[in-house]
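Step one of this worksheet: look at the structure below.
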There are 2 protein chains.
Amino acid sequence: MNITIRDVAKKLNLSITTVSRALDGYSDVAEETRQRVIETARQMGYAPNQAARQLRRKRADSIGYILPADRPRFSDPFFAEFVAGLGDEAAAHGLDLLVSSAPPNSQAEQRAYERWIQSRKVDGMVLNRLHLQDWRVQYLSEVGFPFVTLERSQDACDYPSVEVDGRRWFKVLVDHLAELGHRRVAYIGAGAELKIQADRLAGYQDSLQSHDLPYDAVLVTEGDLTSDGGFYAAKRLLALPQPPTAIACVDDMTALGVLHAAREHGRVVGKDLLVAGFDGMAGFEHTQPPLTTINQPVYQMARKLVQMLAAQIAGQVLVERHVQIEPVLEIRQSTVGK
Amino acid sequence: MNITIRDVAKKLNLSITTVSRALDGYSDVAEETRQRVIETARQMGYAPNQAARQLRRKRADSIGYILPADRPRFSDPFFAEFVAGLGDEAAAHGLDLLVSSAPPNSQAEQRAYERWIQSRKVDGMVLNRLHLQDWRVQYLSEVGFPFVTLERSQDACDYPSVEVDGRRWFKVLVDHLAELGHRRVAYIGAGAELKIQADRLAGYQDSLQSHDLPYDAVLVTEGDLTSDGGFYAAKRLLALPQPPTAIACVDDMTALGVLHAAREHGRVVGKDLLVAGFDGMAGFEHTQPPLTTINQPVYQMARKLVQMLAAQIAGQVLVERHVQIEPVLEIRQSTVGK
DNA sequence: TTGTAGGCGTTATCAA
DNA sequence: TTGATAACGCCTACAA
């Protein structure tokens, strides 16, 4: 059997009360006693049983995150970095991170949220890949459960979030293409229900407008945030009677597929065809050619989210509820090839 | 306050015992009663408090995994897929997945393991990126805590694992290069303490030997499992007086950097210089040129691991303790460019 | 087939 | 400054 607070108390000839308080750093225990307790506890390898503590304190000391994995081969580097950030910041607050995975908008997703929340497995949730109307936001708001989000949905409720202004920065990206003299700029996006899609598409349109370029629906197509999706979307675009001379992609993975399609169509990326991505994943400075992108500090964003969530759970009033993160335009050879 | 089993019992004029047993599917409760209980519980949105249940049952119904994140920008797609697999299979067994992140062999890593185990936050652990001598394996074996591993360390204890025979399959990869007539084949590896490095390097050497190629220490270099590492390692190799004509990389990320370095050195990959990776990450079929690699079913491997761990936790005897996974050699243009 | 009651290991209240 | 004791919500032997 495992070692409990009782064992420690017995060994020291103290009550469990005193041991508990000594370990939790209460002030009403003699300093000398505290030292003895701490020392003995360490020696005996005592660690409080979390279940018991949680039951008593009515806190799980955990936060939850559900990966929006919509396919088995879910190998988007964004999420490795994101989860690492969540984990690190959670640990810094003495919180554990519970991770599950479910296809967005699935039954499984819904059950996962309900289970964690109703059974008090977690004290708060982190969301990302928000939908324009997001049932999770509505549900969590309704039941008054703490959560934070990366990106913001269009639901009419207020909640803490961290955000990159996708509309503004996608415009910056497309401006960059337009300013290089390109007039047929295509866009490869994602599912219309996604907030990032709405934002980035709007940014694309903003840029067209500010450069007096016509909006041509033929040049706007949908991928699925994978390189495969980008690959096939780009093949369709490049097979057009009047193909684009530049392609702005909703994310880096999509852009990777585009680079491949371009090569298959004999285009020299950076010269015949410009390609740009969005996210700034580590590694994509080594694509062929290196990818121009909007570089977001994903790890930092994840940490910030947990920081805000931890504060919210602790009942603190958040000074900044809507944090804006400024990414940077990373210009590489896929748009300025030599 | 939240809804407990007592509330449900009161509403039904039953004892909490009956409610508990009805919900847990015991046979000694009238079918009609059970239905009423289930229905009412559902209506009231009752879910057992996990902390209480865990305390009572002495099980956490959770398993743990610690990401070997050795840098903030930890965006290795391998781990997104791996974690998704762990999460999915865990859910299928009614287990939750606890994730943290710590640099391998760090104090933080050690504390994370000890904390989870001593405080009974988890019932079992999943390990990967094993070291040749792995303190985690030794520690967990010693305290008799359930765990499973991807890859096997050289520690003298027996434990369940899932494994791809890295030595054999790296030989297959290098054989492929050698059989294309290349005699100066370089190897870019990882830290010498890693099991995958030992295996894959051995496979490289096996292949050299079987093709009567000399082992040239100059052609064997160390990366760090990132594309940056691969990039710089390749630059060093290509700057040699007698540079290699083919490079086998310990993983796909490394290979991505190599493709970039090759281009900078004016090499045409697939003709002047062959490049091969290992892992078969989704997306890498779209590199420039598409990357030859050993394709491992990472998602399936993760699921298998959890399956074995769940069985172990449930006290079942594992029929197969050492599962071998067969990957496939994926030949693409980085070695057979046209 | 259903109910009573004890206890899992903590923390927190109150008294000493 | 310390100790006895009552919950926290659930499961389960045992009794009815």
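So you know, we letter chains A, B, ... as the sequences are listed, proteins then strands, and number each from 1.
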* To do: Find the distance A:R6:CZ to D:dA4:P and express it as a whole number of Å.
  => 11 Å
* Structure fact -> With the side chain defined as heavy atoms from C-beta on, A:K58 is closest, among D:dC11, D:dA4, D:dG9, to D:dG9
* To do: Ignoring hydrogens and angles, answer whether the base of C:dT1 and the side-chain atoms of B:T33 contain a donor-acceptor pair closer than 3.5 Å.
  => no
* Is any N or O donor-acceptor pair between the side chain of A:R56 and the base of C:dT11 shorter than 3.5 Å? -> yes
* Asked: When the distance from CG of B:D61 to C1' of D:dC10 is rounded to whole Å, what number comes out?
  -> 13 Å
* To do: Hey, which sits more toward the 5' end of DNA chain C by its nearest nucleotide, B:I16 or A:I5?
  => B:I16
* Structure fact -> The residue, B:L55 or A:S15, whose nearest nucleotide of DNA chain D is more 5′ is A:S15
* **Separation of atom CZ in A:R57 from atom P in C:dG9, rounded to whole Å** => 17 Å
* Kindly say if A:T17 contacts the phosphate of D:dG3, meaning a side-chain N or O under 4.0 Å from OP1 or OP2. => no
* Any B:R21 side-chain N or O less than 4.0 Å from OP1/OP2 of D:dT12 -> no
* Asked: Whole-Å distance between C:dT1 C1' and B:R34 CZ?
  -> 11 Å
* To do: Send over the distance from B:L12 CG to C:dG3 P, rounded to a whole Å.
  => 10 Å
* Short side-chain N/O contact to D:dA13 OP1/OP2 from B:Y26, under 4.0 Å -> no
* Structure fact -> Residue set satisfying side-chain hydrogen bond (donor to acceptor under 3.5 Å, both in side chains) with B:Q324, at least two apart, ordered chain then number -> none
* Structure fact -> Taken to the nearest whole Å, CD/B:Q54 to C1'/C:dG7 is 17 Å
* Answer with yes or no whether the side chains of B:Y26 and B:S20 bring together a donor and an acceptor at under 3.5 Å. => no
* To do: Figure out the CD/C1' separation between A:Q50 and C:dC8, and round it to whole Å.
  => 15 Å
* **Under-4.0 Å salt bridge between A:R111 and A:E114** => no
* Asked: Between B:D123 (side chain) and B:D61 (backbone), is there a donor-acceptor pair under 3.5 Å?
  -> yes
* Looking across every strand, which nucleic acid part, if any, lies under 4.0 Å from A:N49 by heavy atom: base, sugar-phosphate, or nothing? -> sugar-phosphate
* For B:E31, does the CD atom sit with more than 12 other heavy atoms under 6.0 Å from it, leaving out its own atoms? -> yes
* Structure fact -> Separation of D:dT2 atom C1' from A:L23 atom CG, nearest Å, is 16 Å
* To do: Confirm from the modelled atom types if A:S20 and C:dA12 form a donor-acceptor pair under 3.5 Å, side chain to base only.
  => no
* **Phosphate OP1/OP2 of D:dG3 contacted by A:T18 side-chain N/O (<4.0 Å)** => yes
